[in-house]
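Only heavy atoms go into these numbers, but all of them, side chains included; no hydrogens, no water, no symmetry mates.
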Amino acid sequence: MASFLLRRASCSATRILSSSLSLPTAAIIPKSNPSPNFIYHHYLLHHFTQFSRQNKIPSPYLTFIKEISNIPITKEEKEQKRNNGELPKRGEKSWIDVYLPRQVRPYAHLARLDKPIGTWLLAWPCMWSISLAAEPGSVPNFKMMALFGCGALLLRGAGCTINDLLDRDIDTKVERTKLRPVASGLLTPFQGLCFLGFQLFLGLGILLQLNNYSRILGASSLLLVFSYPLMKRFTFWPQAYLGLTFNWGALLGWSAVKGSLDPAIVVPLYASGVFWTLVYDTIYAHQDKEDDLKVGVKSTALRFGDSTKEWITGFGTACISSLALCGFNADIGWKFYAFLAAASGHLAWQIWMADLSCRADCNRKFVSNKWFGAIVFSGILFGRLWS
């Protein structure tokens, strides 16, 4: 009944407006019946925009036409849009909305606690490095792994807070981000700053548990964390800058165990993480490429365009090669290379099977990288135990 009334209202509005413009209805509405909830909006908007300029038609009429012309055709089309990531899933709620008090929810969403993939991607290079630093035949330092796991959670949340504060004007123009707490007005910028201070204070408590060398090395990463959100305004390579930021733990994990750095091991490990980030975050950036063009921000997804898969194949090859060099220099066992072969298969799968025109599939491939990190970690762990 509602769809019938909408169709009648939209057709009536079209006839009224067309008569006011001295145009025959047939010039605007095709002879074939329009679908139940849709009136060929491209055709309508083109004509009404053109004649509104000539005849100074009041903007409310155009606004009404735009609204009714954007109604999806059927329930099936709505479902297809949801599957493509263009609309939220029906009744979609995270554990934050179910279990946390109402006052806390905006802060939890600001820190992306309901989306742990960012924490995994930040934590894995740390775990790789800590495992490599273990003595041959020994398990990694569990205390360090626990500290770095908590640190990854806090630093990732702080990075998201900084990003949302700096991008609050941009986020309102992007479909995927317009409901974020600061952009939507649930939190004020001042509240976001206070929350950021709280996160950094907790992170400082973790940093102070490390040796002096690692404290200085860890504190130096804050420059990258604070400047990364600005990079997409100036360069098409913000994903490379994110790689430098997200994989700092590859350096820090080793220094936390050893008290210094071994460039022959940690530099190839760090480089592998940077190349890995260029793969997964370029795939991720394809979700927002249309909105990025409108807003005027840059990304490797826009830089590479139709050549994206060739570029990220090169980055993936560089990632696996750097990991192999790191394992060779660290003199870990052959089991590492068996796991590395499995990791390369996973990377090849996500690169070649990713549908870069589908937002939902880009997100699925992006999230799958937690398993790539787990496979590499398993290889380092078993390789070190039996080296």
Indicate whether the side chain of W95 and that of D114 have a donor and an acceptor atom separated by less than 3.5 Å.
no

Side-chain contact test, heavy atoms from C-beta onward, threshold under 4.5 Å: evaluate it for [X] versus [Y] and give yes or no.
| X | Y | result |
| --- | --- | --- |
| C362 | L356 | yes |
| R364 | D361 | yes |
| D97 | H109 | yes |
| L347 | W276 | yes |
| S321 | T317 | yes |

Minimum heavy-atom separation for [X] and [Y], please, with both atom names.
| X | Y | answer |
| --- | --- | --- |
| R112 | C160 | CG-SG, 3.3 Å |
| W352 | K309 | O-NZ, 3.0 Å |
| P106 | L186 | CB-CB, 4.5 Å |
| V274 | N247 | N-ND2, 3.6 Å |
| L100 | A108 | CD1-CB, 3.7 Å |
| R233 | I170 | NH2-CD1, 3.5 Å |

Which of these passes side chain to side chain donor-acceptor pair (under 3.5 Å) with H286: T308, T300, D355?
T308

Would W237 and Y241 count as a close aromatic pair, with their ring centres under 6.0 Å?
no

Using ring centroids (six-membered ring only for Trp), state whether F336 and F382 fall under 6.0 Å.
no

Count the heavy atoms belonging to other residues, nucleotides or ligands that lie under 6.0 Å from CH2 of W371, then report whether that count exceeds 12.
no

State plainly whether one hydrophobic cluster holds both [X] and [Y], where clusters connect Ile, Leu, Val, Met, Phe, Trp and Tyr through side-chain heavy atoms under 4.5 angstrom apart.
| X | Y | answer |
| --- | --- | --- |
| Y228 | Y280 | yes |
| W254 | F142 | yes |
| L325 | Y337 | no |
| M231 | V297 | no |
| F366 | M353 | no |

Roughly how far, to the nearest 0.5 Å, is [atom2] of [Y] from [atom1] of [X]?
| X | Y | atom1 | atom2 | answer |
| --- | --- | --- | --- | --- |
| F328 | D331 | CZ | CG | 8.0 Å |
| R359 | E290 | CZ | CD | 5.5 Å |
| K178 | D291 | NZ | CG | 9.5 Å |
| T161 | Y107 | OG1 | OH | 10.5 Å |
| I312 | D281 | CD1 | CG | 11.5 Å |
| L381 | K335 | CG | NZ | 11.5 Å |

Only counting residues at least two apart or in another chain, list the ones meeting side-chain contact (heavy atoms from CB on, under 4.5 Å) with A330.
L132, I265, I332, R384

Can you list everything that forms a side-chain contact (heavy atoms from CB on, under 4.5 Å) with A264? Sequence neighbours excluded, please.
D262, N329

Walk me through it: do S322 and F275 pass the test side chain to side chain contact (heavy atoms under 4.5 Å, CB included)?
CA-CA 9 Å; S322 297; F275 289 126; 4.0 Å; yes

Does [X] come within less than 4.0 Å of [Y], counting only side-chain N to carboxylate O?
| X | Y | value |
| --- | --- | --- |
| K232 | D288 | no |
| D292 | K173 | no |
| E135 | K258 | yes |

When you measure from the side chain of S129 to the backbone N and O of A250, does any donor-acceptor pair fall under 3.5 Å?
yes

Give a yes or no on whether the backbone of L153 and the side-chain of R156 come within a donor-acceptor separation of less than 3.5 Å.
no

Whether K298 engages the ring of F236 as a cation-pi pair (distance to the six-membered ring centre under 6.0 angstrom, angle to the ring normal within 45°) should be assessed.
yes

Which donor-acceptor pairs under 3.5 Å do the side chains of residues 120-128 make with protein atoms, sequence neighbours left out?
unit_1: W124; atom_1: NE1; unit_2: K370; atom_2: O; d: 3.1
unit_1: W128; atom_1: NE1; unit_2: G373; atom_2: O; d: 3.1

Identify all side-chain donor-acceptor contacts of residues 203-214 below 3.5 Å with residues at least two apart in sequence or on another chain.
unit_1: Q209; atom_1: NE2; unit_2: G205; atom_2: O; d: 3.3
unit_1: N211; atom_1: OD1; unit_2: Y213; atom_2: N; d: 3.3
unit_1: N211; atom_1: OD1; unit_2: S214; atom_2: N; d: 2.8
unit_1: N211; atom_1: OD1; unit_2: S214; atom_2: OG; d: 2.8
unit_1: N211; atom_1: ND2; unit_2: S255; atom_2: O; d: 3.0
unit_1: N211; atom_1: ND2; unit_2: A256; atom_2: O; d: 3.4
unit_1: N212; atom_1: OD1; unit_2: R215; atom_2: NH1; d: 3.0
unit_1: S214; atom_1: OG; unit_2: S255; atom_2: O; d: 3.2
unit_1: S214; atom_1: OG; unit_2: S255; atom_2: OG; d: 2.9
unit_1: S214; atom_1: OG; unit_2: A256; atom_2: N; d: 3.2

Could you please spell out the steps behind the side chain to side chain contact (heavy atoms under 4.5 Å, CB included) verdict for W248 and Y270?
CA-CA 7 Å; W248 199 257; Y270 183 53; 3.5 Å; yes

Intermediate values then yes/no, side chain to side chain contact (heavy atoms under 4.5 Å, CB included), H346 and S368
CA-CA 9 Å; H346 181 280; S368 75; 3.6 Å; yes

Could you walk me through whether Q350 and I283 satisfy the side chain to side chain contact (heavy atoms under 4.5 Å, CB included) test, starting with their C-alpha distance in whole Å, then the side-chain angles of each, then the deciding distance to 0.1 Å, before giving a yes or no?
CA-CA 9 Å; Q350 63 170 295; I283 293 174; 3.9 Å; yes

Can you name the one residue among V279, N369, V367, N363 that meets side chain to side chain contact (heavy atoms under 4.5 Å, CB included) with Y284?
N363

By salt bridge (Lys or Arg N to Asp or Glu O under 4.0 Å), R180 pairs with (sequence neighbours left out) D164, D171

Going by atom type alone, with no hydrogens or angles, which donor-acceptor pairs under 3.5 Å involve a side-chain atom of residues 189-198 and a protein atom two or more places apart or on another chain?
unit_1: Q191; atom_1: OE1; unit_2: T188; atom_2: N; d: 2.8
unit_1: Q191; atom_1: OE1; unit_2: T188; atom_2: OG1; d: 3.4

